[in-house]
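Notes to accompany the following structure.
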Protein chains: 2
Amino acid sequence: MAKPRSTSTDIARRAGVSRATVSYVLNGRTDQSISPATRERVLQAARELSYVPNAASRALRAGESRLVLLINSGVPWSTNITDFEDELTRVVAATGRTLMVWRRQGPDDLASTLAHLEPCLAIALNRLSSSEAALLETLQIPLVESDLVAPGSDLPARLQVQHLVEAGHERLAYLTTSEESLQRFATPRTSGFLAACAELALPKPRLAALPGGMDISLAAVTEQLRAWLEEPDPVTAVACFNDFHAAVCLAAAAELGLWVPSDLAVMGLDDDIFAPLTRPALTTIRIDAKAFARHLWDLARHQLGEGPEPEPFLQPSHVVVRASV
Amino acid sequence: MAKPRSTSTDIARRAGVSRATVSYVLNGRTDQSISPATRERVLQAARELSYVPNAASRALRAGESRLVLLINSGVPWSTNITDFEDELTRVVAATGRTLMVWRRQGPDDLASTLAHLEPCLAIALNRLSSSEAALLETLQIPLVESDLVAPGSDLPARLQVQHLVEAGHERLAYLTTSEESLQRFATPRTSGFLAACAELALPKPRLAALPGGMDISLAAVTEQLRAWLEEPDPVTAVACFNDFHAAVCLAAAAELGLWVPSDLAVMGLDDDIFAPLTRPALTTIRIDAKAFARHLWDLARHQLGEGPEPEPFLQPSHVVVRASV
DNA sequence: ACGCCTACCTGACACGTGCCAGTAGATGAC
DNA sequence: GTCATCTACTGGCACGTGTCAGGTAGGCGT
């Protein structure tokens, strides 16, 4: 009952060799010559005692852990974030490391977290405060911020414009969010939308931002839609920051008795799980979140000095045509 | 440059005291008397060197870490899982520990993960394989399985029945899932549904299970609905395993040209983010995921010998009335 | 018999921390 | 003056691992 877990010393004793030999065998070192008989005895003993090396001790001795910390401070759950985390977990594991997801609550929690666990690298999905960045700096933990992908993050919005124009629309509106934690995604998308409109010489596009959270008010969106449609040159299509915004937009259109897409086209972004189920089903942009995860990991490995600097990332994304445009 | 991070030895040297004194001061031990002057000198030195204790070393010395591992293998829980993880993170942090979320990919990954990080407790949202459980046993890591909440997990489905009956329905159907990883939730809900029907002496309820994933076929659900409606005593209301199933159900009803709720009532479960946005807006059950997190943590603390055995958990949940019933 | 080489293995240190046991000096009681 | 008590501190061990320099035994050539 509850005998303490076995250590390499136990194995050594049982196999009748020294601890050093055990370490050499279990770590498969090729520069040390171990006789096959001894090797087998050690492995056998390890199996019998179901030995698992102590993680803390290893990390202490090695001077660094094999843990990667993903700092996710309230990025709203969606199909994409799940895909992203799964893929990142996979590629990190492929290099003999382990990815841990930490849901940051307050801005001051990082210190106590790092007192419990020392990652060899941190990946942040949101911008960290300067004190947090300083802390990582002090601990000499490299940091990769998803910021770095900015080069391609306006692409999805450009695709929205392109698709709407191909469908015959010219007077467009963009519905975005003013939620702080989403600005990292929202800002480049809005610029991409505006830039694409300008490049195609479209009439001046309309813009509106909804407050954050799930408290998006249907009434407010309905009013916004009504305003856009009552202008002299009424909007004929609305591109949205994400599928959730688009779904609210569809609901608002229904409130106003509008037919989508004939009276108004609505386009989402994310291809979220519910996108095929709205009425009409949402035409949207699918972003390859897994490719994004792989790119972020390439950046991380470069930072760890294990790989070349990756090519600039062009967010792979494509239009998913359904019925709302 | 890039001087190695400072250790307690550095602090001791700088403050002109021994390392033991530093340890006593920084750990705020009250059973050791330290003069205020010395204490201040130590704290000052620690601040100047921005000292952060080494996590690995601490864990090694203490014999156990302050990490709690949440094993989440792809639970597609949507909004609720976010609430759950946030609340669990909060309550775990309140006891001076840190919660890490690990997204298990394959059934064999646990060993390599535990080689990198040794939690003082594991919480599993899905059933673990027996080899995984054995591994935790060997490492003497206590395990809390969300299984344990079974007592209350049939409640949400009972609430669905109750609400449908209050709305005047008697001939009910239940749409559930056959996806393996969801059976933990699906099984008690289905039994709850059937039990509630039996207790209220309703006509024999219908049952159907959809295959898992997001590949739920609208056509298949449409066919099922048609079958239920063509029977001699046609179904008048469908309760669903979750909101996603309910949304598919709404779409299928639209395909058949049915009006919801007059021709058919549809009830979801989860109050997912998109529930207010379906047409008609989904009447559903809201489960208090945060309360669930707190209860799980109470169980965990009991297992750690830090608290009393918590009361049996009655899943706090209530009906969110919208338009689909 | 001697030195040398190789194959195989071991003793001992270091990583950074927490804490027990012990010590030097001051204070007080008789 | 002596002994006990208290304050304020320190020396050193232990946690479990990886690794390096060294050690031993046997074989081989001369």
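Only this structure's heavy atoms are used, side chains among them; waters, hydrogens and symmetry mates stay out. Just so you know, these numbers come straight off a predicted model, no measurement behind them. Residue numbers begin at 1 in each chain, while the letters A, B, ... track the order of the sequences.
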Double-helix bend of the helix from C/dA1-D/dT30 to C/dC30-D/dG1, axes at both ends from 5 pairs, round to 10°, gives 70°
Modelled atom types, side-chain donor and acceptor of A/Arg47 and A/Gln44, under 3.5 Å
yes
Which donor-acceptor pairs under 3.5 Å do side chains of residues 57-65 of chain B form with protein atoms, sequence neighbours excluded?
{"residue": "B/Ser65", "atom": "OG", "partner": "B/Leu67", "partner atom": "N", "Å": "3.4"}
{"residue": "B/Ser65", "atom": "OG", "partner": "B/Glu118", "partner atom": "O", "Å": "2.4"}

Could you measure the distance from the CG atom of A/Leu135 to the OG atom of B/Ser50? Nearest 0.5 Å is fine.
8.5 Å
Can B/Leu117 and A/Thr98 be said to form a side-chain contact (heavy atoms from CB on, under 4.5 Å), step by step?
CA-CA 9 Å; B/Leu117 160 145; A/Thr98 294; over 6 Å; no
Does anything in residues 26-35 of chain A reach DNA chain D, meaning a heavy atom under 4.0 Å, and if so which residues?
A/Asn27, A/Arg29
Between atom CZ of B/Arg66 and atom OG of A/Ser112, what is the distance when rounded to the nearest 0.5 Å?
11.5 Å
A/Ser23 and its side chain to side chain contact (heavy atoms under 4.5 Å, CB included) partner, picked from A/Asn27, A/Val25, A/Thr21, A/Leu26:
A/Asn27
So the contacted stretch of DNA chain C, first to last nucleotide with an atom under 4.0 Å from a non-hydrogen atom of chain A, runs from C/dA7 to C/dG16
For B/Arg5 versus B/Pro53, what's the shortest heavy-atom pair and its separation?
NH2-O, 3.6 Å
If you take any heavy atom closer than 4.0 Å to DNA chain C, which residues from residues 48-65 of chain A end up in contact?
A/Leu60, A/Arg61
Going by atom types alone, do B/Glu85 and B/Asn72 pair a side-chain donor with an acceptor below 3.5 Å?
yes
Nucleotide range of DNA chain D contacted by chain A, 5' to 3', under 4.0 Å to a heavy atom?
D/dG16 to D/dC20
Describe the nucleic acid contact of A/Thr21 in one word from base, sugar-phosphate, nothing, applying a heavy-atom distance below 4.0 Å.
base
Pairwise distance OG1(A/Thr7) to OH(A/Tyr51) - rounded to 0.5 angstrom:
7.0 Å
